[in-house]
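Have a look at the structure below before the remarks.
Treat the numbers as computed from the prediction; the structure is a model and nothing was measured.
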Amino acid sequence: MARNKIEVDEELESGFDLSQLKRLANYVGPYKGKMAIAIIIMLASSALSMLIPIFLKNIMDDYIPNQNRQAIIQTGIATLVIALIIAGSLKAKIRLTSFVGQNVIYALRRDLFVHLQKLPFSYYDNRPHGKIQVRVVNYVNNLSDLLSNGIVNTVTDLMSLIFIVFFMLRLNIRLAFLCFCGIPVLAVIIWTVKRKQRRAWQIESNKQSNLNAYIAESLNGIRVTQSFVREERNATIFNYLSGEYRTAWMNAVKYNLMLSPIVDSISVITTSFIYVFGIYWMMGGDASVTPGVLIAFTGYISRFWQPITTLAGFYNSLLTSISYLERIFETIDEKVLVTDQPGAKEMPEILGEVEFRKVDFSYEDGIKRLDQVSFHVKQGETYAIVGPTGAGKTTIINLISRFYNLDCGQIFIDGIDISTVTIASLRRQMGVMLQDSFIFSGTIMDNIRYGNKEATDEEVIEAAKTVCAHSFIMQMEDGYQTQVNERGSRLSQGQRQLISFARALLADPKILILDEATSSIDTETEIVLQKGLAELLKGRTSFIIAHRLSTIQAADCILYVDQGKIIEEGNHIQLLKKKGEYYQLYMAQYSFLAS
């Protein structure tokens, strides 16, 4: 059985791409001063901590045998002071790195979200929205530990390792090399595990994306699910995707948890060797090995393997983060297909003359949605577009707002090719009400004002009155300040359309585009609404898509579109006299209503 896009894993990168880390470093760059301070603080505290094993050696080999109580007390005080300095340094490091990490995450998420706002409709047409959302939230959040701790800890641990090796070699070269014997073993293990580990985390990110996409889709479609009693089937699909994610996560985390016990085991084994050989050499009369040297060495061994364990953990985090960075930068690198051309100018104030000149368009290569479409709309005229489902009606109005690029041909507004002006200056002068009446969470007042943030409360109310929304709004508990949920779940479909209509009208557009604007409004309300629209449309160029032909009979011109071509063109009376496709559509609808 074919799998939908939610269940299909995204393609994985084949190699370990260090360029992803270089790009991440560009985000860290502005905070390099704070990072340097954190590193210096940690290096100083690390250097001080190296003195403690030396203190223990002196106490064991010198102060205790010589009963030098004053030296023991002074050494204890010095150790306490060093411990307090280390604690203060750690606190300062946490504050600095957390500040840097969270600011980098903020900048990364901001760039990702801003870029998503610019991507064309075609990007969202081909992807489950849940898979996009998981990149903005989950994937960026998963970089937090790498940015807040990983970078500073790696630098300081590497330097600490150098300090430790120096002190170990200074104490006893033979004991130091016994400790170093475990490093080749660890290197072989890491080299063996790393490829499997990275692949495992890539798969985990895919399964997380699939699960998130299905959850988002299921919540958006909950009414349909319950209407068709699909709860059990949806639960089965959810359990399957959740099970795949659980399996992938368990497999990935297995590799992460593998390194820590391996490092601990190597540490214990090398420590045992040092005790065995150290005591053997000491009993054999080797003066370079004393009880104090063994105690100090034991202290250095724990410090020696601790940064190695941390570095192994950083390596784990790095492999995990790379799989997330691939997805994040993949989205940021997605081309903004609909963008301003070099040298694009601001669109002058629109008068409203619109011309399509031999326009071709296709959503997929080789499959035309519009084929040589040409028509000319004069300023202030109302054009209605009708035709069967999938004929290309919505495509025409989407192209006027430059939501997509043309395959060929040109679209002119007031004689200006719209591809030569900035998108913002073009869309700012248009009012668009799409077929999906989207309502944002917030107040009704805020939703209507969405298209014109500068509008006063009085202007919002006037727009609502014009589209006959005022009466039902005032019947709600808080009137225009009533809070509505995401997608307007508290409102009926008709109420959502009226609010969306008021939003479009408040923008005071020069060109008004209505896609099925009255499809969910009852007949009585529609009659009242038409009166307000008649006044509103005066002096504005408007495009109306409507299956309910009663709403477009007064249009200056009606385009009948089928299979991407304009089949008929004329006003309502002219098209009825032709007795062509429009006549057949009108009679079929009239007969249906009469019956």
Subject >> Tyr245 and Asn212: CA distance, side-chain angles, deciding distance, side-chain contact (heavy atoms from CB on, under 4.5 Å) verdict >> reply: CA-CA 10 Å; Tyr245 172 62; Asn212 194 82; over 6 Å; no
**OP:** Report the C-alpha separation of Leu505 and Leu512 in whole Å, then their side-chain angles, then the decisive distance to 0.1 Å, and conclude whether the side-chain contact (heavy atoms from CB on, under 4.5 Å) test is met.
**Re:** CA-CA 8 Å; Leu505 303 186; Leu512 187 62; 3.9 Å; yes
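- A donor-acceptor pair shorter than 3.5 Å cannot be found between the side chains of Ser362 and Arg369.
- Although no hydrogens or angles enter the test, the distance criterion places a donor-acceptor pair under 3.5 Å between the side chain of Gln429 and the main chain of Ile350.
- A ring-centre distance under 6.0 Å is not found for Tyr560 and Tyr582.
- For the side chain to side chain contact (heavy atoms under 4.5 Å, CB included) criterion with Ile418, the lone passing option out of Leu406, Leu399, Ile411, Val354 is Ile411.
- Residues Asn447 and Val484 are in side-chain contact: their nearest non-hydrogen atoms beyond the backbone lie under 4.5 Å apart.
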**OP:** Apply the test salt bridge (charged side-chain N to carboxylate O under 4.0 Å, His left out) to residues Glu244 and Lys207: give CA-CA distance (whole Å), side-chain angles for both, the deciding distance (0.1 Å), then the verdict.
**Re:** CA-CA 6 Å; Glu244 281 201 324; Lys207 301 305 180 184; 3.4 Å; yes
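- Across all their heavy atoms, Glu381 and Lys378 have their closest contact at OE1-N, 3.0 Å.
- Other residues, nucleotides and ligands contribute more than 12 heavy atoms inside 6.0 Å of the CD atom of Gln117.
- Salt bridge annotation for Arg449-Asp457: present, with a cationic side-chain nitrogen under 4.0 angstrom from a carboxylate oxygen.
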Original post:
Checking side-chain contact (heavy atoms from CB on, under 4.5 Å) for the pair Ile567/Val561: CA distance, chi angles, key distance, verdict?
Top reply: CA-CA 6 Å; Ile567 306 300; Val561 180; over 6 Å; no
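- In this structure, the side chain of Ser374 engages the main chain of Lys358 through a donor-acceptor pair within 3.5 Å.
- Counted by atom type alone, Gln372 and Asp360 present one or more donor-acceptor pairs between their side chains at under 3.5 Å.
- Checking side-chain atoms of Asn405 against main-chain N and O of Leu337 turns up a donor-acceptor pair under 3.5 Å.
- When the shell of 6.0 Å around OH of Tyr363 is examined, it contains more than 12 heavy atoms from other residues, nucleotides or ligands.
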Original post:
Would Phe440 and Tyr450 satisfy ring-ring contact (aromatic ring centres under 6.0 Å, His included), going step by step from the backbone distance to the final call?
Top reply: CA-CA 9 Å; Phe440 298 90; Tyr450 192 85; 4.4 Å; yes
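- Taking CD1 from Ile444 and CZ from Arg503, the interatomic distance works out to 11.5 Å, rounded to the nearest 0.5 Å.
- Counting only heavy atoms from C-beta outward, the side chains of Asn571 and Leu575 never approach each other to under 4.5 Å.
- For the pair Ile396 and Phe361, the minimum side-chain heavy-atom distance is 4.5 Å or more.
- Atom CZ of Phe543 is separated from atom OG1 of Thr541 by 6.5 Å, given to the nearest 0.5 angstrom.
- Judged purely by distance below 3.5 Å, without hydrogens or angles, the side chains of Thr394 and Asp515 pair a donor atom with an acceptor atom.
- Residue pairs that meet the salt bridge (Lys or Arg N to Asp or Glu O under 4.0 Å) test with at least one member in residues 560-584, sequence neighbours left out, are Asp371-Lys565.
- Contact check for Ile416 versus Pro348: side-chain heavy atoms found under the 4.5 Å cut-off.
- A distance of 13.5 Å separates OG of Ser242 from CD1 of Ile237, quoted to the nearest 0.5 Å.
- His115 has its side chain within reach of Glu334: a pair of non-hydrogen atoms, C-beta onward, lies under 4.5 Å apart.
- Rounded to the nearest 0.5 angstrom, Asn452 CG and Arg428 CZ are separated by 11.5 Å.
- Between the side chains of Asn239 and Thr236, no donor-acceptor pair is found at a separation under 3.5 Å.
- Remark: the backbone N or O of Gly387 is paired with a side-chain donor or acceptor of Lys393 at under 3.5 angstrom.
- Between Leu241 and Phe238 there is no side-chain heavy-atom pair separated by less than 4.5 Å.
- Because its NZ or CZ atom is both nearer than 6.0 Å to the ring centre of Phe329 and within 45° of the ring axis, Arg23 counts as a cation-pi partner of that residue.
- In terms of modelled atom types and a separation under 3.5 Å, the side chain of Lys510 and the main chain of Gly431 share no donor-acceptor contact.
- Under a cut-off of 6.0 angstrom, the local environment of CD in Glu477 is crowded, with over 12 non-hydrogen atoms contributed by other residues, nucleotides or ligands.
- In this structure, the side-chain hydrogen bond (donor to acceptor under 3.5 Å, both in side chains) partners of Gln410, at least two apart in sequence or on a different chain, are Asp417.
- Judged by distance alone, with hydrogens and angles left aside, the side-chain atoms of Ser425 form a donor-acceptor pair with the main-chain N or O of Met347 at under 3.5 Å.
- Side-chain contact check for Ile545 versus Leu514: every heavy-atom pair is 4.5 Å or farther apart.
- A distance of 5.0 Å separates OG1 of Thr443 from CD of Gln481, quoted to the nearest 0.5 Å.
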**OP:** Begin with the C-alpha distance, continue with both residues' side-chain angles, and end with the deciding distance and a verdict on side-chain contact (heavy atoms from CB on, under 4.5 Å) for Phe356 and Val377.
**Re:** CA-CA 9 Å; Phe356 273 55; Val377 184; over 6 Å; no
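- A donor-acceptor contact under 3.5 angstrom links the side chains of Asn206 and Arg327, judged on distance only.
- For the 3.5 Å distance criterion, the side chains of Asp111 and Tyr27 qualify, holding a donor opposite an acceptor.
- Side-chain contact check for Thr456 versus Glu459: some heavy-atom pair is nearer than 4.5 Å.
- Inspection of the Asp340 and Thr422 side chains reveals no N or O donor paired with an N or O acceptor under 3.5 Å.
- Using modelled atom types, one side-chain atom of Arg427 and one backbone atom of Ser401 make a donor-acceptor pair closer than 3.5 Å.
- The neighbour count for Arg246 CZ, taken as heavy atoms of other residues, nucleotides or ligands under 6.0 Å away, does not exceed 12.
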Original post:
When you look at Tyr383 and His376, which way does the side-chain hydrogen bond (donor to acceptor under 3.5 Å, both in side chains) test go after all the steps?
Top reply: CA-CA 10 Å; Tyr383 263 54; His376 186 204; over 6 Å; no
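- Once rounded to the nearest 0.5 Å, the distance linking CH2 of Trp249 with CD1 of Ile203 reads 15.5 Å.
- Around CD of Gln563, the count of heavy atoms belonging to other residues, nucleotides or ligands within 6.0 Å does not exceed 12.
- Shown here is Tyr404, whose OH atom has more than 12 heavy atoms of other residues, nucleotides or ligands within 6.0 Å.
- Remark: side-chain polar atoms of Arg402 are paired, donor with acceptor, to backbone N or O of Thr339 under 3.5 angstrom.
- A donor-acceptor pair under 3.5 Å is formed between the side chain of Asp414 and the backbone N or O of Leu351.
- No close placement of the His572 and Tyr583 rings is indicated, their centers lying 6.0 Å or farther apart.
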